Amino acid sequence: MQQSARSDGDPPDQDIVELLRGGAMETAFERLASRYEHKVYRLCCSVLRDPDQAQDAAQESLLRVWKALPKYDQRASLSTWIYAITRNRCLTAIERRRIQESLSDPAVELEVESVQASAPERDEDRAAILRGLVDELPERYRSALTLYYYGERAVGEVAQMLGVPEGTIKTNLHRARALLLERIRALGLADPAQWLERLV
Amino acid sequence: MNGEDDSVSGDRLERALDRALQRNLVAPSFPAGFRQRLQAAIIRSGERDPSMTVAALEHELAAQLAALHSEYVRLRQRTLGTLIGVAFAAGLLINFALPWISAHFGSNGVFALPAIGVAVGLGISARVWWRRSALARLLP
C-alpha cells in the first residue's frame, strides 16, 4: 500500500504557517485553498455521497477555515485542522438532511434489489452493483474505501482525513474488501473474478 | 492441493476486486467555478466580524512588537561588540604609541595626549549611549 509521502525534511504546509505568522492571511488562504480544495471536496463526497451537497459542504468548510484562520494556534497540523472542520461540516449536513428526509429511500432500495435479482450482464449493471455493494458497507469501511480509491491510494492521507490512526484505516480497508468479496460470492456468480475483471 | 487452489483463486479474486474498485470508485469531478463561488461566499459573509478583526489586529501587533524587540536586542549586541572592539584597539594603540609620545613630547605628553583622547572617546560614547537609551525608552 502506498503511504503518504513527504518531499523533504520540512513539515508540510510550513510555507502557509509562515505566512500566517507574518499576518498575510489572504495569501495564506489562497495557498491553502489551492492545496486543499480538491481534498476537502473528496472528503465531503465520501461522507455525504452526494456531489451537490458535497460542494456546499466543501464551500462552507473552507469559509469556516477562512473565518477561523486568525485563531489557528498550530496545536494540530494545518491539514488535521482543516479536515476536522470539514468533518464537522459534513456531520452538520448529515444531521440537517436527516431532519429533512426520511432515513430510507424505498425507490433506491427497490432499484438495487431489481438490479441484483436480474442476471447482471451489462457493464453498467455490473458497475452499478459494485457501487451498490460499496454503498451498503458499514460507514467506517465505506468511507475508508472510497477515500482510498478517490485519492492517490495513500493510507496516511485517508487516516488524516478521517481523523483516525493509519492502522485503523488498514484494518477497515481489509475488512471492507473481505465483506465485498463475501457479498460478491453471495451473488451466485459462476466466476466472480471474471465478473469483476469485465467491469469497465 | 485443494487449499492451494483456493488460495490462488482467492488472490486472483482480490486482485480483480482491487482493479474493479480502482476503475469504478472514481471521485466526482471537481465542480467548475468552485473557487469563484467560495470567494463570493467570503465576500457575502460580511468581511469579518469584529472579534475576527480584533484577533487579526492583535496578531499583527504581536508580530510587530516581536520584530522590534529582536531589533533592539541586535542593537545592544552590536553596541557591546563595538565597545569591546574599540577598547581593544585603544589598548593596542597605546601600547605602540606610548614609547613614541614619550620620545617626542617628554614625560608630560605621556599623560596629556592619552587623557585628551580618553576625554574625546568618552564624550562620543556618552552621546551614542544617550541617543540609544532614548530610542530604547520608546519601547514598551
Side-chain angles (χ1 to χ4, degrees), chain A residues 20-23 25-26 29-30 33-34 37-42 44-46 49-52 54-56 58-64 66-71 126-128 130-131 134 145-151 153 176-178 180-181 184-185 191-200, chain B residues 2-71:
Chain A
L20 290 175
R21 276 195 197 128
M25 295 289 164
E26 290 187 12
F29 183 74
E30 277 289 314
S34 312
E37 60 190 3
H38 285 75
K39 292 172 181 177
V40 163
Y41 177 65
R42 280 208 305 264
C44 293
C45 282
S46 170
R49 311 188 204 185
D50 179 309
D52 290 335
Q55 188 181 334
D56 289 345
Q59 189 173 302
E60 284 175 20
S61 303
L62 287 172
L63 184 61
R64 188 156 283 217
W66 160 250
K67 285 182 172 178
L69 212 49
K71 293 176 186 166
R126 283 195 291 269
L130 182 66
R131 283 195 291 270
V134 170
L145 195 77
T146 48
L147 278 174
Y148 181 74
Y149 286 100
Y150 277 180
R153 301 205 290 154
R177 288 194 193 100
L180 278 176
L181 287 177
I184 288 167
R185 283 192 187 104
D191 187 350
Q194 193 188 21
W195 184 82
L196 282 168
E197 279 159 5
R198 284 171 61 194
L199 275 170
V200 179
Chain B
N2 198 20
E4 273 182 36
D5 287 348
D6 284 351
S7 161
V8 169
S9 84
D11 285 350
R12 185 181 156 226
L13 193 55
E14 280 180 22
R15 280 199 301 275
L17 176 66
D18 188 51
R19 281 196 295 271
L21 288 171
Q22 267 185 61
R23 285 193 298 263
N24 286 277
L25 285 188
V26 180
S29 56
F30 190 70
F34 179 86
R35 185 71 72 82
Q36 285 79 4
R37 280 194 293 279
L38 177 62
Q39 292 296 346
I42 286 172
I43 293 165
R44 269 201 314 276
S45 72
E47 305 298 328
R48 288 177 173 159
D49 64 39
S51 67
M52 303 284 176
T53 311
V54 168
L57 287 173
E58 279 175 352
H59 187 277
E60 196 180 330
L61 179 67
Q64 284 177 349
L65 284 177
L68 266 174
H69 185 257
S70 72
E71 183 67 19

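Please read all numbers here as calculations on a predicted model, not as lab measurements. Throughout, a chain's letter reflects where its sequence line sits, starting with A, and its residues are numbered from 1.
Looking at B:Glu58, there are no atoms closer than 4.5 Å to chain A (heavy atoms on both sides), in backbone or side chain. Only the side chain of A:Leu130 comes within contact range of chain B, with at least one heavy atom under 4.5 Å from a heavy atom of that chain. A:Ser34 touches chain B through backbone and side chain together, each having a heavy atom under 4.5 Å away. When heavy atoms are compared at a cutoff of 4.5 Å, A:Ala58 approaches chain B by way of both its backbone and its side chain. A:Leu20 touches chain B through its backbone: at least one of N, CA, C or O sits under 4.5 Å from a heavy atom, while the side chain does not. In this structure, the portion of B:Arg19 lying under 4.5 Å from any heavy atom of chain A is its side chain and not its backbone. Using a 4.5 Å cut-off between heavy atoms, A:Glu60 does not touch chain B at all.
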For B:Arg35 and A:Glu30, what are the C-alpha separation, side-chain angles and deciding distance, and is it a salt bridge (Lys or Arg N to Asp or Glu O under 4.0 Å)? CA-CA 10 Å; B:Arg35 185 71 72 82; A:Glu30 277 289 314; 3.4 Å; yes
Pair A:Glu197, B:Arg15 - check side chain to side chain contact (heavy atoms under 4.5 Å, CB included), show working. CA-CA 9 Å; A:Glu197 279 159 5; B:Arg15 280 199 301 275; over 6 Å; no
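Considering CG of B:Leu25 and CZ of A:Arg153, their distance stands at 11.0 Å, rounded to 0.5 Å. Atom OH of A:Tyr149 is separated from atom CZ of B:Arg23 by 11.0 Å, given to the nearest 0.5 angstrom. Taking CG of B:Leu17 as the reference point, atom CG of A:Leu181 lies at 5.0 Å (rounded to 0.5 Å). The CD atom of B:Glu14 lies 11.5 Å from the CG atom of A:Leu180; values are rounded to the nearest 0.5 Å.
Across all non-hydrogen atoms, the minimal contact from B:Leu13 to A:Ala193 is CD1-N, 3.3 Å. Of all non-hydrogen atoms in A:Leu196 and B:Ala16, the two that sit nearest each other are CB-CB, 3.9 Å. Residue B:Phe34 comes nearest to A:Gln55 through the heavy atom pair CE1-O, 3.8 Å, listed as atom of the first residue, atom of the second, then distance.
The aromatic rings of B:Phe30 and A:Tyr41 sit perpendicular, their planes meeting at an angle over 60°, well past the 30° parallel limit.
Ranked by non-hydrogen atom pairs under 4.5 Å with chain B, the options A:Ala33, A:Gly22, A:Pro51 are led by A:Ala33. The most heavy-atom pairs under 4.5 Å with chain B, out of A:Ile184, A:Thr146, A:Asp191, A:Leu147, come from A:Asp191.
You'll find the side chain of B:Ile42 reaches within 4.5 Å of the side chain of A:Phe29, heavy atoms only.
Crowding of A:Arg64 atom CZ: a count of heavy atoms from other residues, nucleotides or ligands under 6.0 Å not exceeding 12.
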